[in-house]
Amino acid sequence: MEGTHYFEDIPITKQQVLNCAYGSWYPRYKKITPKSHIISSLPQSFIEYILQDGIKMPPEFFVDYILEDASEYSDWEQSDDEQSVVTPEARKHKQQQRRSVEDPTKNFSEIHEQIKSLIQKNGPMLPKLNWSAPKDAAWILPNHSLKCSSASEVYLLLNASSYIVHDLSQSLDECSDIDVANLKKEHKGLKFDLILKEWFDINPAWEFRCFVRDRRIVAVSQRDPNYYDYLHKMKESIKDKLFDFFDIHLKRTFQSETFVFDVYLPDKSEKVWLIDINPFSRTTDSLLYSWHEILNLDLSNYDEDDFDMRL
Ligand code: ADP
């Protein structure tokens with residue numbers, strides 16, 4: 001219909017995207033963010049390993065996994081003919097062959113050692129790159145989550161995730177201040193970090209996504225799509241907590257005026273944890289809203305410290 005903009009543009013700049021990279025904000029908000037470790041400026045060899053076709057694993061993976069559960073991973077990189085070979089002898093032979101296969105981590109051995117030692121010292125980790133966690137690849141781990149207890153599990157998730165590929169090759173695609181002709185060059189100039197977040201068990205009911213426009217929370221959505229009846233009774237107190245957290249910690253200090261932040265409110269605790277900061281753009285999931293709704297919210301009936309919230 002003429003004059004009606006159903007698909008409004010959300011202009012986002014390169015700087016706004018860069019401000020949301022984990023390594024850019026984590027040092028400032030360390031005290032309010034669950035403990036994370038950042039391996040900065042990943043070398044090209046690591047990036048190429050993540051982006052390559054197929055999944056090549058280090059020899060220790062076959063020792064850790066295949067010997068224990070040969071059926072689960074043993075058919076990888078095999079042709080259809082090979083997949084029919086299932087006798088224990090044949091399997092053992094294949095495993096020996098694999099262990100003699102070239103170690104893909106030899107081109108980034110320092111980082112490999114760093115990941116191993118961080119997990120050994122601090123326990124399981126959730127891996128992510130500058131912007132995204134490999135949530136779409138959780139199916140690949142035996143526990144079907146992002147909880148990694150070894151470097152091999154980190155590589156499995158990163159290699160199998162399209163979200164990670166997006167971070168590595170399309171993260172600036174939405175930027176209105178980058179000419180399409182320069183996009184490749186701009187991308188080449190980006191530095192990527194591997195973030196290892198120390199794992200803790202999260203109750204998904206208490207995760208919320210807050211949409212901030214011009215330094216004001218305009219909308220909040222529950223992150224988990226499941227319905228939790230008990231949240232409704234607590235809606236006003238949750239809103240108060242979220243507003244106070246934003247007002248004290250983020251409103252005046254985050255480098256962008258418009259952004260999206262995720263928080264976790266642990267049960268029975270007053271503390272609010274910052275989980276992530278994302279660009280205010282269509283690449284960020286608008287969850288229980290549509291982006292059109294967020295962009296057209298009428299806040300004239302709300303006080304300065306109030307906002308729309310969907311559970
Ligand atoms: P993304 O921006 O890609 O969604 P997040 O950092 O928000 O990545 O993490 C994705 C999900 O992983 C969160 O919704 C949360 O449920 C879970 N999560 C995040 N951090 C941790 C952690 N330290 N331990 C356990 N689970 C976590």
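If you read the sequence from its start, that first residue is 1, and numbering goes on from there. When a ligand or atom number is given, it counts from 1 through the structure's own listing order.
Protein heavy atom nearest atom 17 (C) of ligand 1, with residue, atom name and distance: L126 CD1, 3.9 Å. Of all protein heavy atoms, the one lying nearest to atom 15 (C) of ligand 1 is E207 OE2, 3.0 Å. Distance from atom 7 (O) of ligand 1 to its nearest protein heavy atom, with residue and atom name: R223 NH1, 3.0 Å. Ranking the protein heavy atoms by distance from atom 11 (C) of ligand 1 puts K135 CD, 4.2 Å first. Protein heavy atom nearest atom 25 (C) of ligand 1, with residue, atom name and distance: F200 O, 2.9 Å. The shortest contact between atom 19 (C) of ligand 1 and any protein heavy atom is with K197 NZ, 3.6 Å. Looking at atom 5 (P) of ligand 1, its nearest protein heavy atom turns out to be K128 NZ, 3.7 Å. Nearest non-hydrogen protein atom to atom 2 (O) of ligand 1 is D276 OD2, 2.4 Å.
For ligand 1, one of its N or O atoms has an N or O atom of E198 under 3.5 Å away. For I202, no nitrogen or oxygen atom sits less than 3.5 Å from a nitrogen or oxygen atom of ligand 1, counting backbone and side chain alike.
Around NZ of K35, the count of heavy atoms belonging to other residues, nucleotides or ligands within 6.0 Å does not exceed 12.
Residue A133 touches ligand 1 through backbone and side chain together, judged by heavy-atom distances below 4.0 Å. Looking at K147 against ligand 1, nothing comes within 4.0 Å, counting heavy atoms. With a 4.0 Å heavy-atom cut-off, ligand 1 is reached by no atom of D201.
With ring centers used as reference points, F259 lies under 6.0 Å from F254. No close placement of the H112 and Y49 rings is indicated, their centers lying 6.0 Å or farther apart.
Contact between W131 and ligand 1 is present, with at least one heavy atom of the residue lying under 4.0 Å from the ligand. Within the 4.0 Å heavy-atom cutoff, S132 counts among the residues contacting ligand 1.
Every side-chain hydrogen bond (donor to acceptor under 3.5 Å, both in side chains) that K14 has, sequence neighbours left out, goes to E186. Contacts of F200 classified as ring pair (Phe, Tyr, Trp, His ring centres under 6.0 Å), with partners at least two apart in sequence or in another chain: Y264.
The atoms of ligand 1 that sit less than 4.0 Å from any heavy atom of I275 are 7 (O), 19 (C). Listed by atom number, the atoms of ligand 1 under 4.0 Å from N278 heavy atoms are 2 (O).
Under the 4.5 Å side-chain criterion, counting only non-hydrogen atoms from C-beta, V263 is not in contact with W273. Counting only heavy atoms from C-beta outward, the side chains of E174 and I10 never approach each other to under 4.5 Å.
Without hydrogens or angle criteria, N296 side chain to H292 main chain gives a donor-acceptor distance under 3.5 Å. A donor-acceptor pair under 3.5 Å links the side-chain atoms of S290 to the main chain of E293, judged by distance alone.
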Quick one: do I195 and K197 satisfy side chain to side chain contact (heavy atoms under 4.5 Å, CB included)? Show the steps, please. CA-CA 6 Å; I195 317 298; K197 301 169 92 174; 4.0 Å; yes
Worked verdict on T33 versus I275 for side chain to side chain contact (heavy atoms under 4.5 Å, CB included): CA-CA 6 Å; T33 308; I275 297 293; over 6 Å; no
